[in-house]
There are 2 protein chains.
Amino acid sequence: MSWQFRLGSRARAAPLRASVTRPNAPTMTQTTVSYGTRTLSVKSGKCLNLDNINPHIREAKYAVRGELAVKAESYRSRLAEGDKSLPFESVIFANIGNPQQLDQKPITFFRQVLSLVENPLLLENPEALKTSFGYKQDVIDRAQTLLANVQSVGAYSHSQGAPGIRNSVAQFIEDRDGFPANPQDLFLTAGASSGVSTLLNVICDKPSAGVLVPIPQYPLYTATLSLLNARCVPYLLDEQNAWGTDINVIEKSIADAKAAGTDVRSVVVINPGNPTGASLSPEDIKKVIDIAATEKLVIIADEVYQTNVFTGEFTSFKKRLRQLQQEQPGKYDDVELVSLHSTSKGMVGECGHRGGYFELVGFDPKVQEQIYKLVSIGLCPPVVAQCLLETMVNPPRQGEPSYELYQKEYNGIRDGLHKRALALFNAFQRMEGVECQEPQGAMYLFPTINLPAKAVDAAKAEGRAADEFYALAMLDATGVCVVPGSGFGQKENTLHFRTTFLAPGTDWVERIVKFHSEFMNKYR
Amino acid sequence: MSWQFRLGSRARAAPLRASVTRPNAPTMTQTTVSYGTRTLSVKSGKCLNLDNINPHIREAKYAVRGELAVKAESYRSRLAEGDKSLPFESVIFANIGNPQQLDQKPITFFRQVLSLVENPLLLENPEALKTSFGYKQDVIDRAQTLLANVQSVGAYSHSQGAPGIRNSVAQFIEDRDGFPANPQDLFLTAGASSGVSTLLNVICDKPSAGVLVPIPQYPLYTATLSLLNARCVPYLLDEQNAWGTDINVIEKSIADAKAAGTDVRSVVVINPGNPTGASLSPEDIKKVIDIAATEKLVIIADEVYQTNVFTGEFTSFKKRLRQLQQEQPGKYDDVELVSLHSTSKGMVGECGHRGGYFELVGFDPKVQEQIYKLVSIGLCPPVVAQCLLETMVNPPRQGEPSYELYQKEYNGIRDGLHKRALALFNAFQRMEGVECQEPQGAMYLFPTINLPAKAVDAAKAEGRAADEFYALAMLDATGVCVVPGSGFGQKENTLHFRTTFLAPGTDWVERIVKFHSEFMNKYR
């Protein structure tokens, strides 16, 4: 119980891992400085420099908020300061699924409830809420229930999230799947991203640990694996087959990874896909579950776009797993599945609130305890976001006072997204050398671009990937910020970009069309 | 630009770090199962078990939400369900600084503003806000300014936080210190905890990297260092000298660590202290800065309790550093300092919102870029919490309509905390074998407990540290949950516990007094 003893395992003299040899890691950097006519070599006295920070941070790549996004932000700021020298009058952030930045209105019921949990004193005058602000009784009731659950949105909650809110999420899952969920297996999170980070942290136990990631993917996965010094085991989605998931490709990836000494521990499925929008059929889900059962892989089902589905129908991995467990008792008992969801996507689009959850299915309780400990170090997810999550999974029902407006707003957003997706798709159809799969879901299109050899050479001369060169040229010419396909991974010798279809209007689409035509003419 | 190339550094065959040898890491576990009269040895087919998850998670300890807190929660839940069999009628969570769980009222101005940013439609009827709910014009103005800055609290902000809010934080720092701050050096966070995690992640580059941590400390530090597989280099605070920071002790710790092959890279100072409450004098701060300058250590100044000061006065590390840089030009130019602050502590106490910031001082811009990239992978801190932070650093000023109420509430909380601290301190004075330093600040007391040898033996028989045994007995007898000193680290052969002084009333204090007397009698 002395500190020597209590901290023993951490302050040990002999580390568990061998020290890293970093060839470019001086503890001091040499800088050349000019003083008048003399040039001196002086030592910079900083502790930290680019060469001696955690190397895994340096290696991580995250293009969604990378160079292009930083440049777009500087354009936005110049325009805001009245700069008239740019060839466009607005910046369109099509690089990130951020609907409310692009003027999507929040759903009224959600925000009314949140205003009341933020200031419970408003509840002391319900009549004024109704007559002056149009709040309905169900809004007031919901806020009171939530406050009874969390006490105050200013208090830390249980580290897994407030128990009452987890009950609502469990009910939502049961209603969706037809199979029960246990609130003790639910972990509320600050957005799905923090959940992914938690889970990969638990799964990656050593540098040879590998995680299967679809290509193209949302780069959170590769970035987090870099941070954890673990291995990404890529499996290519089939663009010609509507970005389908081919189980033979996954099997081949596993075999190759094993041959390279990788301990493949988990498979990530993004369903519906980001950036592809593709939804997996129940048959394809079964194939993934089968391979997970055979190979003992933890399935990470990123299901944050589960309501953003235009074609086909969303089937959750949890539902399919439970069906299989019923159909073939015993065979699937050991499958470990995590399903992630979020308040940032869907018709909710409340990215800034940082809400979400994951459900653990089939996990060893002792592992679950460790996950609890890990999240408890960060104390708890934002409590307002937990309340928002509750309203998302438990929206107004038919017959309740707020139902009609909720339904109208929800459907309006859904239909608007579909229309914009189709308009953008149609524009791509008109563009030379651009091929795009029909919009299926999520918030993105991910067209192939066939660029002239001269453009590829010009990119090479600048030391850039050709799609990055193209996306930068697009930003400079139009103010539209997209993300090059190389930020998500793509098949060799193909080029793409990802754009959201969230921005209102068609002006920005026409800007892209015009830019593309000029770009092709310039480099033909 | 093929995926092979883009993912090359991650999907490499030869890992940068040598593989960990885990003696207890089977990929399958052997379980003995009974079927009728036969006993079979079957293989558990789970991928993940306690022995093969990330070992650094298993090693991490975080007592603030550990076994005692879990047991306290189960007592709370039993009481809520009407269980009458327990020897107490309420559970007091004195284990964690969570004021609003213990009925501290939020400050009205903050929550009024947040209710408006959550539902901007309320702003369409300012008259009703004023007449029916007492909102003042400055509340309405502030909400409008914040909304102009963030557009919507449902939109992702800049990954470092909304620029306008960072401007306010910079102004606050300048007003506090008399030296300017640059908004580009500010990173808004989800509570100070996430900031600490980010910074230690950057600093710890290899298993032999070490960070100086005060003992006793807030266990976030040791837990995060465990997760990062880096070394805690403990330095003992001087209990007999009001938990002072002794620079000779730090120097000795550095020398010992170096002798053990540790690359000491950073020094953590918690000022005012957690769990000790002690504030550093300007002279002591200078000594820490001197040692950081000499040894090239990044100073991590955890200043989240900067307004919780009863005796002495808070001086920020940033202010002291800037003074020294003026007084002795050149000598301190290279010092790297991070200062952390939070919306969870002080008189704000808004833990559930998860707000805070850190300021980087003297960092290499290229390192700062990497920190930006790292936080951008998590997208952004909660935007409502950013708005709350803005109201905290920019509260109503004299002459403004909300000033009077704000001032009254703020002072009421401050005086109440001081009174409760003194009442608890006085109770400890009456208790046999308990020694406690006078309350100086923060939200905690950390008394020494001298327990009879029979109690120490009884603890040993249960395989527990004696202070843990004592704290469990206290919880079982009184419903009061405190944290044993071993959770924070303590000098060899001493025992302590940490309790907050947040709970209202004196009943719970009397419960502790009575329990302690009975415990001492039982084991005398």
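The sequence lines fix the lettering, A, B, ..., with proteins before strands; numbering per chain opens at 1. It should be emphasised that the depicted structure is a prediction, and the values quoted were computed from it without experimental measurement.
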May I ask you to name which of [options] has the most heavy-atom pairs under 4.5 Å with chain B?
{"options": "Leu388(A), Val348(A), Leu379(A)", "answer": "Leu379(A)"}
{"options": "Ala128(A), Ser193(A), Ser376(A)", "answer": "Ser376(A)"}
{"options": "Ile377(A), Leu297(A), Val383(A), Val213(A)", "answer": "Ile377(A)"}
{"options": "Gln101(A), His158(A), His353(A), Glu350(A)", "answer": "His353(A)"}
{"options": "Gly134(A), Ala259(A), Ser159(A)", "answer": "Ser159(A)"}
{"options": "Ile203(A), Leu122(A), Asp364(A), Leu50(A)", "answer": "Leu122(A)"}

Heavy-atom side-chain contact between Val117(B) and Glu118(A) under 4.5 Å: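 Result no, sub-4.5 Å side-chain heavy-atom pair not found.
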Taking all atoms of both residues into account, what is the closest heavy-atom pair of [X] and [Y], and its distance?
{"X": "Gly97(B)", "Y": "Tyr156(A)", "result": "O-CE1, 3.5 Å"}
{"X": "Asn52(B)", "Y": "Arg265(A)", "result": "O-NH1, 2.8 Å"}
{"X": "Lys373(A)", "Y": "Ile57(B)", "result": "NZ-O, 2.8 Å"}

With a 4.5 angstrom heavy-atom cut-off, is it the side chain or the backbone of [X] that approaches chain A, or both, or neither?
{"X": "Ser266(B)", "result": "neither"}
{"X": "Phe133(B)", "result": "side chain"}
{"X": "Ser197(B)", "result": "neither"}
{"X": "Tyr372(B)", "result": "side chain"}

Quick one: does [X]'s side chain have a donor or acceptor within less than 3.5 Å of a partner on [Y]'s backbone?
{"X": "Arg354(B)", "Y": "Cys380(A)", "value": "yes"}
{"X": "Lys46(B)", "Y": "Gly362(A)", "value": "yes"}
{"X": "Glu336(A)", "Y": "Cys47(B)", "value": "yes"}

Given a strict heavy-atom distance threshold of 4.5 Å, which part of [X] is in contact with chain B: side chain, backbone, both, or neither?
{"X": "Thr108(A)", "value": "side chain"}
{"X": "Pro120(A)", "value": "side chain"}
{"X": "Ile96(A)", "value": "side chain"}
{"X": "Leu227(A)", "value": "side chain"}

Once you round to the nearest 0.5 Å, how far does [atom1] of [X] lie from [atom2] of [Y]?
{"X": "Glu59(A)", "Y": "Gln370(B)", "atom1": "CD", "atom2": "CD", "value": "10.0 Å"}
{"X": "Tyr135(B)", "Y": "Asn119(A)", "atom1": "OH", "atom2": "CG", "value": "4.0 Å"}
{"X": "Gln151(B)", "Y": "Gln100(A)", "atom1": "CD", "atom2": "CD", "value": "9.5 Å"}

Contact leader toward chain A among Ser157(B), Pro106(B), Pro484(B), where contacts are heavy-atom pairs under 4.5 Å: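 Among Ser157(B), Pro106(B), Pro484(B), the one with the most close pairs to chain A is Ser157(B).
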Options Asn98(B), Leu114(B), Asn125(B), Val367(B), ranked by heavy-atom pairs under 4.5 Å with chain A, top entry: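 Of Asn98(B), Leu114(B), Asn125(B), Val367(B), Asn98(B) has the most heavy-atom pairs under 4.5 Å with chain A.
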Positive for side chain to side chain contact (heavy atoms under 4.5 Å, CB included) with Asn54(B), one of Asn201(A), Leu374(A), Val202(A):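 Single side chain to side chain contact (heavy atoms under 4.5 Å, CB included) partner of Asn54(B) among Asn201(A), Leu374(A), Val202(A): Asn201(A).
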Partners meeting side chain to side chain donor-acceptor pair (under 3.5 Å) with Thr224(A) (sequence neighbours left out): none
Side chain to side chain contact (heavy atoms under 4.5 Å, CB included) evaluation trace for Leu121(B) with Gln112(A): CA-CA 9 Å; Leu121(B) 296 175; Gln112(A) 286 179 334; 5.7 Å; no
Candidate pair Lys366(A) and Asn49(B), rule side chain to side chain contact (heavy atoms under 4.5 Å, CB included), full reasoning: CA-CA 7 Å; Lys366(A) 288 201 183 305; Asn49(B) 59 56; over 6 Å; no
